[in-house]
Amino acid sequence: MSALPAQTRPARRSAPSGARRLRPAPEIGAGITRPRLAYAVISLAAIGAIAIAQLLLSIAMTQGAYELDAQLLRQTELERQQQKLADDLDRLESPQFLAANAEALGMVPNSDPAMLQLSDGAVIGAPTAARGDAASSAALVPNALIDGVPLVTEREAGDTSKGAGGRPETPADGAPAGPPTLTDGLPTPATH
């Protein structure tokens, strides 16, 4: 056996007979109150309100998606229109179109230009009068994009543009508006 002394347990105390530790479970329905009808109605109303709010929010989001789609389509259409107008502007700003309009207004290209050197006032080249021959007015680089575009003088004959008041633009004497006539030569800016 062992050499250790035997451990003894403390003696159990007996409980007095009047005080019991165990109690029986209460009977069903004796101490528990039933849920009230008001709580059920409030909880069902809250669930219904949440469902209606969710439905309204879903409808609003769907409507917003349709409006966004319509605006994106409109933006695409406007971008296409802007690109078309930019192409038209590039075509009308081309050197060939400007030269053709200048010739239609009576200007003549100069094949032998003279230049003034500003630093010392020297004239480079021999100044000669411009001649209106057909060889000098032909475009060296043709532009096929301006073939169907009417020139300035052609547009004036069929011009339907309106002035600020909605009437065609005409001077006070009733004559049709046209390019201004210059009697004293070309206007020049004042430089220092």
Side-chain angles (χ1 to χ4, degrees), residues 1-101 104 141-172 174 176-180:
M1 312 249 174
S2 104
L4 293 176
Q7 293 183 354
T8 59
R9 289 187 186 169
R12 282 189 174 183
R13 293 186 202 163
S14 62
S17 63
R20 290 191 229 167
R21 289 185 171 216
L22 298 176
R23 288 180 284 162
E27 292 183 23
I28 299 175
I32 300 174
T33 60
R34 293 184 187 169
R36 305 215 183 237
L37 184 62
Y39 295 133
V41 170
I42 290 172
S43 63
L44 288 177
I47 290 172
I50 291 172
I52 290 173
Q54 172 106 19
L55 181 65
L56 292 175
L57 184 62
S58 175
I59 289 171
M61 293 293 287
T62 304
Q63 182 66 26
Y66 283 124
E67 289 176 6
L68 179 65
D69 188 45
Q71 294 299 328
L72 287 174
L73 288 175
R74 184 168 182 259
Q75 179 184 6
T76 303
E77 179 183 331
L78 290 175
E79 285 175 354
R80 286 181 187 153
Q81 183 181 4
Q82 186 264 343
Q83 184 62 42
K84 181 180 178 273
L85 292 173
D87 290 344
D88 289 346
L89 183 63
D90 287 343
R91 183 173 50 224
L92 295 177
E93 287 180 340
S94 70
Q96 296 90 352
F97 189 70
L98 293 175
N101 276 327
V141 180
N143 189 351
L145 296 175
I146 60 171
D147 285 341
V149 181
L151 297 174
V152 172
T153 55
E154 295 169 359
R155 280 188 292 198
E156 286 178 1
D159 192 14
T160 59
S161 64
K162 305 283 183 187
R167 299 178 309 274
E169 294 183 41
T170 55

For Q83, all residues meeting side-chain hydrogen bond (donor to acceptor under 3.5 Å, both in side chains), sequence neighbours excluded
D87

Checking T76 now: which residues fulfil side-chain contact (heavy atoms from CB on, under 4.5 Å) with it, not counting sequence neighbours?
R80

To the nearest 0.5 Å, how far apart are CG in L55 and CD1 in I50?
14.0 Å

Restricting to side-chain contact (heavy atoms from CB on, under 4.5 Å), what partner residues turn up for L72, sequence neighbours left out?
L68, Q75

Rounded to the nearest 0.5 Å, what separation is found between the CZ atom of R36 and the OH atom of Y39?
6.5 Å

What is the distance from atom CG of L73 to atom CG of D69, rounded to the nearest 0.5 Å?
5.0 Å

S43: side-chain contact (heavy atoms from CB on, under 4.5 Å) partners, not counting sequence neighbours:
none

Step through the shown structure and confirm whether more than 12 heavy atoms of other residues, nucleotides or ligands are within 6.0 Å of CD on Q54.
no

Which heavy atom of L98 sits nearest to which heavy atom of L92, and what is that distance?
CD2-O, 4.0 Å

Under the rule for side-chain hydrogen bond (donor to acceptor under 3.5 Å, both in side chains), what residues qualify as partners of D90, not counting sequence neighbours?
none

Mind checking what makes side-chain contact (heavy atoms from CB on, under 4.5 Å) contact with L78, not counting sequence neighbours?
R74, Q81

